[in-house]
2 protein chains.
Amino acid sequence: MPENEPTLDEQIAAYQREFADLDPQVEQIVSALGRLNRRMNVAYGRQTATLGISNAEWEVLKALVLAGQPYRMGPGDLAKQLGLTPAAMTHRIDRMVAEGLVTRDRDETNRVRVIVGLTDAGRQKWLDAMELATTFEEDLLQDLSAKERGVLGELLTRLLQRVELGG
Amino acid sequence: MPENEPTLDEQIAAYQREFADLDPQVEQIVSALGRLNRRMNVAYGRQTATLGISNAEWEVLKALVLAGQPYRMGPGDLAKQLGLTPAAMTHRIDRMVAEGLVTRDRDETNRVRVIVGLTDAGRQKWLDAMELATTFEEDLLQDLSAKERGVLGELLTRLLQRVELGG
DNA sequence: CCTGAAGACTTCAAAGCTAAAGTTCGGACC
DNA sequence: GGTCCGAACTTTAGCTTTGAAGTCTTCAGG
């Protein structure tokens with residue numbers, strides 16, 4: 001979608017002109033991360049759209065599958081994992097129940113609690129989305145050798161550890 | 001914000017159980033990219049909040065500074081660069097004009113066109129934000145040697161080129 | 001029991017976004 | 001030089017998210 005966007009190199013050069021204390025190496029990494037993610041989200045959005053769902057709904061499906069059998073979670077936990085407010089989760093689940101992707105039931109043992117469960121249709125959507133996503137991801141990484149992929153994964157994991165500490 | 005979130009390793013193991021055709025190396029990279037970006041956006045959001053602006057407004061400031069002297073762009077170009085609709089840009093500029101971060105003037109030569117310009121206050125906000133951001137980014141990368149940073153930057157740039165081709 | 005406090009979800013109002021329709025101006029064509 | 005088309009922005013309506021207030025349930029104490 002961004003068309004007149006400057007190239008990464010142009011962007012870094014411009015920042016250096018405007019802000020002297022800039023480490024171009026750091027800026028390259030950070031800007032590339034940001035751009036990559038935006039592009040990837042657009043690509044995922046196009047894919048999920050072909051399946052008739054949104055990225056937002058896909059994330060709920062992912063969380064439920066991640067929870068493992070029997071694919072059930074409370075709205076509050078879902079909200080925490082996706083970084084949403086409980087209110088947003090309520091609405092999102094409303095839509096997904098209407099579409100038959102998940103079920104919403106009261107917990108029998110504690111009637112304050114609600115349990116969101118994946119339907120077969122929801123699980124199938126996740127599988128379909130996974131199929132598309134892995135194809136895209138393999139495509140994205142096609143220029144990197146196995147060794148380079150290993151290095152990249154390791155470096156990113158280290159960054160992630162650093163940032164997931166100070167949560 | 002995500003609290004009960006599984007670790008990256010747990011997540012990959014769970015995906016492998018549920019989806020046999022999964023390349024763990026690819027998944028590690030992709031998932032780490034996604035998580036990193038979410039954490040970073042939260043961190044940036046906290047920083048810009050201390051300056052009294054939002055991430056959304058910061059992005060407009062960045063685009064204007066990137067344009068270079070005299071820091072002027074049309075709403076349409078801004079919208080393209082930020083990946084927004086023109087309508088969203090109109091509203092966002094409304095707010096930023098009210099806050100004194102940018103100006104909005106009619107182009108004298110073509111009165112359909114509008115020109116958004118950075119104010120001194122807006123430029124100063126960008127400088128302040130840049131100060132905070134570079135500190136955070138340096139902190140994020142503190143565990144990586146100069147050589148590792150070079151490798152990471154190069155690998156990310158190659159991924160970006162791949163994904164920016166098929167726009 | 002009955003009450004009060006805390007927890008889990010929902011409801012409500014307001015902010016910000018998108019898509020589509022509307023406005024206004026510039027330029028080309030006849 | 002009048003008319004029509006297209007470009008650039010704004011307006012409108014509807015949707016998603018947030019933050020705050022509200023509802024219902026559980027549990028601990030009296």
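Chain letters run A, B, ... following the sequence lines, proteins first, then strands; residues in each count from 1.
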Quiz item: Okay, side chain of B/Glu10, backbone of B/Thr7: is any donor-acceptor separation there less than 3.5 Å?
Solution: yes
Exercise. May I ask you to verify if any side-chain N or O of A/Arg104 is less than 4.0 angstrom from the OP1 or OP2 atom of C/dT10?
Key: yes
Exercise. Could you please name the option among D/dC9, C/dA8, C/dA19 that lies closest to any side-chain atom of A/Arg113?
Key: C/dA8
Exercise. Residues of residues 47-71 of chain B with any non-hydrogen atom less than 4.0 angstrom from an atom of DNA chain D: list those, numerically ordered, please.
Key: none
Practice problem: May I ask you to test the B/Met89-B/Val60 pair for a side-chain heavy-atom distance under 4.5 Å? | Solution: yes
Quiz prompt | Side-chain (A/Thr50) to main-chain (A/Gln47) donor-acceptor, under 3.5 angstrom | solution = yes
Practice problem: Would you mind telling me which residue lines up with the more 5' stretch of DNA chain D, A/Arg92 or A/Thr109, judged by nearest nucleotide? | Solution: A/Arg92
Quiz item: Is it true that a side-chain atom of B/Glu59 and a backbone atom of B/Ala56 form a donor plus acceptor pair closer than 3.5 Å?
Solution: no
Quiz item: For the side chain of A/Leu84, counting heavy atoms from C-beta on, which of C/dT11, C/dT18, D/dT17 is nearest?
Solution: D/dT17
Self-check item: N/O donor-acceptor pair under 3.5 Å between B/Arg106 side chain and B/Arg111 backbone
Solution: yes
Quiz item: Between A/Tyr15 and B/Trp126, how do the two ring planes meet: parallel, tilted or perpendicular, split at 30° and 60°?
Solution: parallel
Exercise. Could you check whether B/Pro75 gets within reach of a base, just the sugar-phosphate, or nothing at all, counting any heavy atom under 4.0 Å?
Key: sugar-phosphate
Quiz item: The side chain of A/Thr90 lies closest to which of these nucleotides: C/dC9, C/dA19, D/dC9?
Solution: C/dC9
Quiz prompt | Side chain of B/His91 - closest among C/dT10, C/dA19, D/dT12 | solution = D/dT12
Quiz item: Which comes earlier along DNA chain D counting from the 5' end, the contact point of A/Val112 or that of A/Arg95, where each point is its nearest nucleotide?
Solution: A/Arg95
Practice problem: Nearest whole angstrom, please: distance from the C1' of D/dT16 to the CE of A/Met96. | Solution: 14 Å
Practice problem: Could you tell me the separation between the CG atom of A/Asp143 and the CD atom of B/Gln161, rounded to the nearest 0.5 Å? | Solution: 8.5 Å
Practice problem: Tell me which nucleotide among D/dA20, D/dT12, D/dT26 gets nearest to the side chain of A/Asn110. | Solution: D/dT26
Self-check item: Of A/Arg106 and B/Arg111, the one whose closest DNA chain C nucleotide lies more 5'
Solution: A/Arg106
Quiz prompt | Spacing of A/Met73 atom CE relative to C/dA8 atom C1', expressed in whole Å | solution = 15 Å
